[in-house]
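First the proteins, then the strands, lettered A, B, ... as listed; each starts at 1.
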There are 2 protein chains.
Amino acid sequence: MFKKVLIVDDHDDINSGVLNVLKANNIVNIVYSQYCDDAHLKFKRAIFDQEPFDLLITDLSFKKDHRECKILSGEALIDVLRTEAPELPIIVYSMNSLFQKVRTLITKHRVNAYVCKDRKGSLELSQAIKAVYNKIQFLSPQVKNALSSKLDLEINDYDVELVKQLSNGLSQAEISAYLEQNNMSPSSLSSVEKRLNKLKDQFKANNAIHLVAIVKDLGLI
Amino acid sequence: MFKKVLIVDDHDDINSGVLNVLKANNIVNIVYSQYCDDAHLKFKRAIFDQEPFDLLITDLSFKKDHRECKILSGEALIDVLRTEAPELPIIVYSMNSLFQKVRTLITKHRVNAYVCKDRKGSLELSQAIKAVYNKIQFLSPQVKNALSSKLDLEINDYDVELVKQLSNGLSQAEISAYLEQNNMSPSSLSSVEKRLNKLKDQFKANNAIHLVAIVKDLGLI
DNA sequence: AACATCCTTACGGTAATCCACAAAGCATAA
DNA sequence: TTATGCTTTGTGGATTACCGTAAGGATGTT
C-alpha cells in the first residue's frame, strides 16, 4: 500500500474524514495541508529529504482568506506537481462533478482517480486508493460517463470560448473584437451571432441568458 | 453537556469529522442521517421512545439522488422540527455563508448557532456546541455581521426569484407577467428592470447574462 | 475553367433591453 | 387636510440583440 500521502483540502473536517479512510487502509504517514502553496512546499521538501510522497489526494476549490497564495486551485497545484513528478499518483476528491472538468483533469493532467464528495464519498475514496495502488483508474459513478458522453462532444473549444466570454459579461460586439485580437477565426459579429444561434438551437435555449445558464449547469464552462 | 445528538449531513466524511468533534466533547450518544426525511423519522421516534435528542446539527443543502424525499433542505427540516420541538437547540453547519440565509435562520427559525464549513470548521463547531449548551448564540466570524443592520444591500428572496426566472430563459416582460400571475409585488416591467439594474450594480455585472453567471457561481440560484 | 458547397461576412428590419425621467400610488407626520 | 418622502409604474429614445437574407471567399470536383 502507499507509504506517504499528502492531503490537500481547505475543510478541516473533510481532512479528518480522509484521515480515517487512510488509517483504515493502514496508511500511517499522512501529511495534510489547507493551502495549495503550503502543499507544494511540503511536496518539494519531501523530495529534498529523500522521503517523497507516493500519493496526492486533493480538492479542487479553495476559499481565499487572509493568506496570499500563488497556487489558487487544486487544478493549478496538480499542474505544478505533474511537471515535478510526472508519475505521482493523484486522486482528486471534490464536490465538483462537472464532466468537462473531469475530462480535462483525466486527459490533460492525467489524474488517476476522481472521487465525488457525496453520500458515499468516503467509501469511494477508499476504493479509489486501492484501485490507484493497483494502477487502475477510478471514477465515481456520478462522473463515470465523463469520458464517453457524446452529448457535449458536439460543442468544440471555440463554442466554449464564446459562451465563456458571454458569461464574463462581454457583448457580442466585444466578443467579436476579442476574437479578432486573439487571432481566432471566425471573428465577425455576424459569425458570433450565427454560432450563438446554433448553440441556442442545440441546447434548446430561449435566449443568450438561458444558454449561459444551461451550459453552466452542464459544467461546460 | 448534551446527551443525545442528531447529525444530518449528506457527506459521509463530514459526518465523521463532526463525530470526532462530538467525541472530543464527551458526547457519545450520536445518531446521524444522510437524508432529511430519515432524520425527521429518527427524531420523532426518539420522542416516542422517551429518549429525545437534545441537540440537532444539520447542513442546509442536500443533493438529490434516487431516494424520494419530502423534506429537501436543511431549512425545511428545521422548519418541521421547530414546530415539534420549539426549544430544541439547533446548530447549522454549512458551506453556505450568505448573510440573508443566516439572518432568516436566526430570526425566523431561531437556530442557536451558524457554523461555516471552512478551514476552521471543526474548531468553530466545537466552540458552537459549548456556547449553545450554555445558552449562548454562536456565529462563525464569516457571518458574524449577518444580523447587523447596515446590509440592506443584501439580496432577498424576490431578487433570487427574478434572477432564477431570468436564468430559466424568461424575458423581462415574461417575468413581469409571471410575477403578476403569482401575486408578487412589484410586478411591472419597469420594476423588474429597476430591480435587475440594482442587482447589476450590486454584483458589478456588465449585463443580464453576466449577472446570471455571477449569481450562479455564488450558488444563489 | 466552371460549378457546387461550405464558411465567413455584411446589411436591414424587428424585437428586446437599457436608461433617464416623469407620473401615480401610498404611507407617515405636521 | 396638506405636505413629504418612498415605492411602484409608465414613457420615450438610445443601444443592443435577434434573425433572415444575401454577397464575397475558399475549397474541392468534374
When you measure from the side chain of [X] to the backbone of [Y], do you find a donor-acceptor pair of N or O atoms at a distance under 3.5 Å?
X	Y	answer
B/Arg82	B/Arg110	yes
B/Thr58	B/Val92	no
B/Asp37	B/Lys70	yes
A/Gln34	B/Arg119	yes

Just how far, in rounded Å, is [atom2] of [N] from [atom1] of [X]?
X	N	atom1	atom2	value
A/Leu196	C/dA16	CG	P	18 Å
B/His210	C/dT17	NE2	C1'	17 Å
A/Asn207	C/dT17	CG	C1'	11 Å

(message) For a 4.0 angstrom threshold against heavy atoms of chain B, report the outermost contacting nucleotides of DNA chain D in 5' to 3' order.
(response) D/dT8 to D/dG10

(request) Carefully, step by step, assess A/Asp217 and B/Lys216 under the rule salt bridge (Lys or Arg N to Asp or Glu O under 4.0 Å). (result) CA-CA 9 Å; A/Asp217 282 338; B/Lys216 278 190 93 74; 3.1 Å; yes

(message) So, applying side chain to side chain donor-acceptor pair (under 3.5 Å) with B/Ser140, which one of B/Lys120, B/Glu124, B/Gln127 is it?
(response) B/Glu124

(message) Below 4.0 angstrom, which residues in residues 161-183 of chain A have at least one non-hydrogen atom near DNA chain D?
(response) A/Ser171, A/Gln172

(message) Atom OH of residue position B/Tyr32 - does it have more than 12 heavy atoms of other residues, nucleotides or ligands inside 6.0 Å?
(response) no

(message) So if I define the base as every atom that isn't primed, P, OP1 or OP2, how would nucleotides 5-11 of chain C read as a B/S/- string at a heavy-atom cutoff under 4.0 Å?
(response) ---BBB-

(message) What contact category does B/Asn197 fall into here, base, sugar-phosphate, or nothing, at under 4.0 angstrom with non-hydrogen atoms?
(response) sugar-phosphate

(request) Please confirm whether B/Tyr35 and B/Phe62 have ring centers closer than 6.0 angstrom. (result) no

(request) Check the side chains of B/Asn207 and A/Ser171 for a donor-acceptor pair under 3.5 angstrom, ignoring hydrogens and angles. (result) no

(message) Any carboxylate oxygen within less than 4.0 angstrom of a Lys/Arg side-chain nitrogen, looking at A/Asp59 and A/Lys117?
(response) yes

